[in-house]
Amino acid sequence: MKLPELRCLREVELSEILKSIKKILSRGGVEETVVVGSDGSTIVANYSVFKALEWLGVSYVPVSRGSSEKTYVPLEALGFFDSLESSKHRVFRDTEELLYRNWPTPLVRLKNSSLCGRTVWAKLEGYNPWSASIKDRIGWYMFKRLTEKLGSPPELVYEATSTNTGLALAALCSIHSSRFRAYLPSTAAAGEALFRIFGAEVVVSSKPLTVDLISDVRSAADVDGAVNPNQFENDANFEVHLKYTAKELEIQMREAGIVPKAILGGLGTSGHMSAIALYFKSRFNGVKIYGVVPKPGESIRGIRRIETGMKWVHYVELDGVVDVSLEEAARSAIEIARRDGILVGISSGAVYCAYRTMVDVGQLDEGDYVLIFPDSGFKYVDTLVRYLNKATE
Ligand code: PLP
């Protein structure tokens, strides 16, 4: 049956959904039917299989009545790749399509930043339209899910953000005539003007982006009747990367003719790297996944240390976590600009720095490597210039 015609009224534990996703991805297909009730569209058994298929973004679901049947339907036959609907000639009916019909974001070989037999491929998430970052994906998906739940776009939205998710939500709120209030941590106060340009309200907190600030925003939303998408706990954050980001990457890898030895990326909420870890570890044998975080006591916008609290990373397997300082990250972003002519953000610099450090210590064999670059560098010029002299020393 077509997926949109099916309804699942039961909540399913995240761990159960992820277990089913893992099984489906590792077998390359689904091995059992979902059971529907007498009305033909309500799921009555195999809830986690249904949820897994929904999160994986298939178009069709194998169903049966009465009891579940053993069957094998490959993912391709279920329309697994249908969710990627790019506009071939780049014509868009509105600025919302500019996001999801413009995917995949580019995967580019960094010819001059590749090191001794290890080829670097960068996925450039700065090519997303609103915040010029990977966070447009989750802003869009959280907003879409809320709109489906409420029956219409939310009127008032509050979110704690280190800038990028907030900018994505600010843009979506403009598109849908909703009001938006961004709660910025002390470390991101410089982004205030950008929000005001989008017509959003801004509250600059004296707190850093920790559970404390996140719970303040939740309480403020409750008091004011606002919705709080809450990127830190909202599973739409994980789901959107599974359904789109990871899947895009697989298609791009096929076109490039590579199976990477490893994929490296930064951890903030842990949404994108956790989804990528689950997807690639289930679907490809031997692909290693590394997370990148700031060194203790250091602050790099967008990424955080795991112990500051993140959700999905605890449900998946990473092969390692690499610590990078702000200075190393900034210098690496400058190095990429000078070698390959592309200005990437500081957390992208951190990801490149982690790759280079691992090459230096002999941890990475020859082969292809994919680095996820979450945003472009134009927002960070003030920080980058502070490291210009050091980068040329
Ligand atoms: N890099 C930047 C610039 C970000 O804005 C973020 C998230 O806000 C990340 C990395 C981390 O991404 P995630 O939240 O998916 O872990």
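Order of appearance sets the numbers: ligands from 1, and atoms from 1 within every ligand. Every value quoted in this text rests on a predicted model; they were computed, and no experiment measured them. For reference, positions follow the sequence shown, starting with 1.
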At under 4.0 Å between heavy atoms, which part of [X] makes contact with ligand 1: side chain, backbone, both or neither?
{"X": "Ile346", "value": "neither"}
{"X": "Thr269", "value": "both"}
{"X": "Trp312", "value": "neither"}

Please confirm whether [X] comes within less than 3.5 Å of ligand 1 when only nitrogen or oxygen atoms on both sides are compared.
{"X": "Ser270", "value": "yes"}
{"X": "Asn237", "value": "no"}
{"X": "Ser347", "value": "yes"}
{"X": "His241", "value": "no"}

Treating [X] as the side-chain partner and [Y] as the backbone partner, does any N or O pair qualify as donor plus acceptor under 3.5 Å?
{"X": "Ser219", "Y": "Ser215", "value": "yes"}
{"X": "Glu298", "Y": "Leu326", "value": "yes"}
{"X": "Arg118", "Y": "Arg356", "value": "no"}

Report, in ascending order of atom number, the atoms of ligand 1 lying under 4.0 Å from any heavy atom of [X].
{"X": "Asn164", "result": "3 (C), 4 (C), 5 (O)"}
{"X": "Gly268", "result": "11 (C), 13 (P), 14 (O), 16 (O)"}
{"X": "Tyr380", "result": "3 (C)"}
{"X": "Ile303", "result": "10 (C)"}
{"X": "Pro374", "result": "1 (N), 2 (C), 10 (C)"}
{"X": "Asp375", "result": "3 (C)"}
{"X": "Leu267", "result": "16 (O)"}

Query raised in the report: Can you tell me the protein heavy atom closest to atom 15 (O) of ligand 1 and the distance?
Result: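 Nearest protein contact, heavy atoms only, for atom 15 (O) of ligand 1 is His272 ND1, 2.7 Å.
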
Report task. Give the residue and atom name of whichever protein heavy atom lies nearest to atom 9 (C) of ligand 1, and the separation in Å to one decimal. Result ->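 So the nearest neighbour among protein heavy atoms is Gly302 O, 3.2 Å.
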
Requested in this report: Measure the CD-CH2 distance between Glu233 and Trp312 for me, rounded to the nearest 0.5 Å.
Outcome: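 Rounded to the nearest 0.5 Å, the CD-CH2 separation comes out at 8.0 Å.
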
So for [X], does at least one of its heavy atoms come nearer than 4.0 angstrom to any atom of ligand 1?
{"X": "Thr165", "value": "no"}
{"X": "Gly345", "value": "no"}
{"X": "Phe238", "value": "no"}
{"X": "Lys135", "value": "yes"}

Requested in this report: Kindly state whether the ring of Tyr47 and the ring of Phe50 have centres lying under 6.0 angstrom apart.
Outcome: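 Distance test on ring centres: not under 6.0 Å, no.
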
Query raised in the report: Asp216: what forms a salt bridge (charged side-chain N to carboxylate O under 4.0 Å, His left out) with it, not counting sequence neighbours?
Result: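 Salt bridge (charged side-chain N to carboxylate O under 4.0 Å, His left out) check on Asp216 returns Lys207.
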
Report task. Could you tell me whether Lys22 and Glu317 make a salt bridge, using a distance below 4.0 angstrom between a side-chain N and a carboxylate O? Result ->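 Result for this pair is no, no salt bridge flagged.
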
Requested in this report: For Lys311, look at atom NZ and say whether over 12 heavy atoms of other residues, nucleotides or ligands are found less than 6.0 Å away.
Outcome: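 Counting neighbours around NZ of Lys311, more than 12 heavy atoms of other residues, nucleotides or ligands fall under 6.0 Å, so yes.
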
Requested in this report: Verify whether one side chain among Glu5 and Ser41 offers a donor that lies under 3.5 Å from an acceptor in the other.
Outcome: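 Absent: no donor and acceptor within the cut-off.
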
Query raised in the report: For Lys247 and Ser83, does a side-chain donor sit closer than 3.5 Å to a side-chain acceptor?
Result: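 A pair is found: one side chain offers a donor N or O, the other an acceptor, under 3.5 Å apart.
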
Report task. Please test Arg331 against Glu328 for salt bridge (Lys or Arg N to Asp or Glu O under 4.0 Å), starting from the C-alpha separation and ending with a verdict. Result -> CA-CA 5 Å; Arg331 289 175 69 152; Glu328 290 167 330; over 6 Å; no

Query - Minimum heavy-atom distance Ser274-Val316, with the two atoms named - result: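 Here Ser274 and Val316 meet closest at O-CG1, 3.5 Å.
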
